[in-house]
2 protein chains.
Amino acid sequence: MADYNALATQFTQFYYQTFDSDRSQLSSLYREESMLSFEGAQLQGTKAIVEKLVSLPFQRVQHRISTLDAQPTGTTGSVIVMVTGELLLDEEQMAQRYSQVFHLVNNNGNYYVLNDLFRLNYG
Amino acid sequence: MADYNALATQFTQFYYQTFDSDRSQLSSLYREESMLSFEGAQLQGTKAIVEKLVSLPFQRVQHRISTLDAQPTGTTGSVIVMVTGELLLDEEQMAQRYSQVFHLVNNNGNYYVLNDLFRLNYG
């Protein structure tokens, strides 16, 4: 397993654990230049992104990763991650399938999310 | 609509039209440093990637895009595209849902695919 696979796995586990316990804490993973595409809405900047995530209309959420693929993007240590998985919301019994992409940029060994793209997969 | 959205739309239409008519012609869109993750298999380089795509066990294929999201990756003109869509293979009546990510890198105005990640979405 190359380092970028380990990084991608570690990052996504941390991201979803944080999302599912207290998503307001995700702000440390974004920067002013970060972008989020969420079900067609486009947001830029840590504040706008975290406000969007916090405002989503559910109290409890659980992410389950089904597949995770990672690739380096050039020679700078940055990594693209594609996740497919399932979301379980509040009291719902049926999980919803989703796809999400993270572009993790290496800033002197500290990674942040430059690009975040999320879509539910309707069956 | 920003330029990167137009570029992403134009690219994916061209990519899937080429894939669905003669996928051996996709070689012009990849480079030696390009990577493909296809259902967990990892390939690098134009030749390996196109051989993989050509070897897929169907004769006729039709891609239909359901959603397309694009974001710039930094200031170099490169773009990340996430597609969700449906695949119709050979004589099958039921479409299969998929997710695909392209990282399009700007090389003096000519774009190529540096990163390509593909997964079927099982329902």
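Proteins get letters first, then strands, A, B, ... in listed order; numbering begins at 1 in each. All values below come from the heavy atoms of this structure, side chains included, with hydrogens, waters and symmetry mates left out. Keep in mind the model is a prediction, meaning the values are calculated, not measured.
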_Pairs of heavy atoms under 4.5 Å with chain A: top-ranked of B:Ser66, B:Gly40, B:Ala70_ = B:Ala70
_Under 4.5 Å between side-chain heavy atoms, counting indirect links through other Ile/Leu/Val/Met/Phe/Trp/Tyr residues: same cluster for B:Leu104 and B:Phe19 or not?_
yes
*Given that the side chain runs from C-beta out, which part of B:Leu36 has a heavy atom under 4.5 Å from chain A: side chain, backbone, both or neither?*
backbone
*asked:* Working to the nearest 0.5 angstrom, can you tell me the gap between A:Leu117 CG and B:Asp69 CG?
replied: 6.0 Å
*asked:* Could you tell me if the side chain of B:Thr73 sits less than 4.5 Å from the side chain of A:Thr73, heavy atoms only?
replied: no
_Distance check, rounded to the nearest 0.5 Å: A:Thr67 atom OG1 versus B:Arg119 atom CZ?_
4.5 Å
_From A:Gln71 atom CD to B:Gln42 atom CD, the distance as rounded to the nearest 0.5 Å_ = 5.5 Å
*Heavy-atom pairs under 4.5 Å with chain B, option from A:Asp116, A:Leu68, A:Val105 with the top count*: A:Asp116
*Toward chain B, the part of A:Phe118 with a non-hydrogen atom under 4.5 Å*: backbone
*Count the heavy atoms of every other residue, nucleotide or ligand shown that sit under 6.0 Å from CD of B:Glu39, and state whether that count exceeds 12.*
yes
*Within the side chain of B:Asn121, is there an N or O that forms a donor-acceptor pair under 3.5 Å with the backbone of A:Thr84?*
no
*Report, as yes or no, whether the 6.0 Å neighbourhood of atom CZ on A:Phe58 holds more than 12 heavy atoms from other residues, nucleotides or ligands.*
yes
*Which of the residues B:Gln100, B:Glu33, B:Met82 is involved in the greatest number of heavy-atom pairs with chain A at under 4.5 angstrom?*
B:Met82
_Would you say B:Phe102 ends up clustered with B:Leu26 if hydrophobic residues are merged whenever their side chains have heavy atoms under 4.5 Å apart, either directly or through other cluster members?_
yes
*Checking A:Gln44 against chain B: side chain, backbone, both or neither under 4.5 Å from a heavy atom?*
neither
_Contacting moiety of B:Tyr98, where chain A heavy atoms sit under 4.5 Å_ = neither
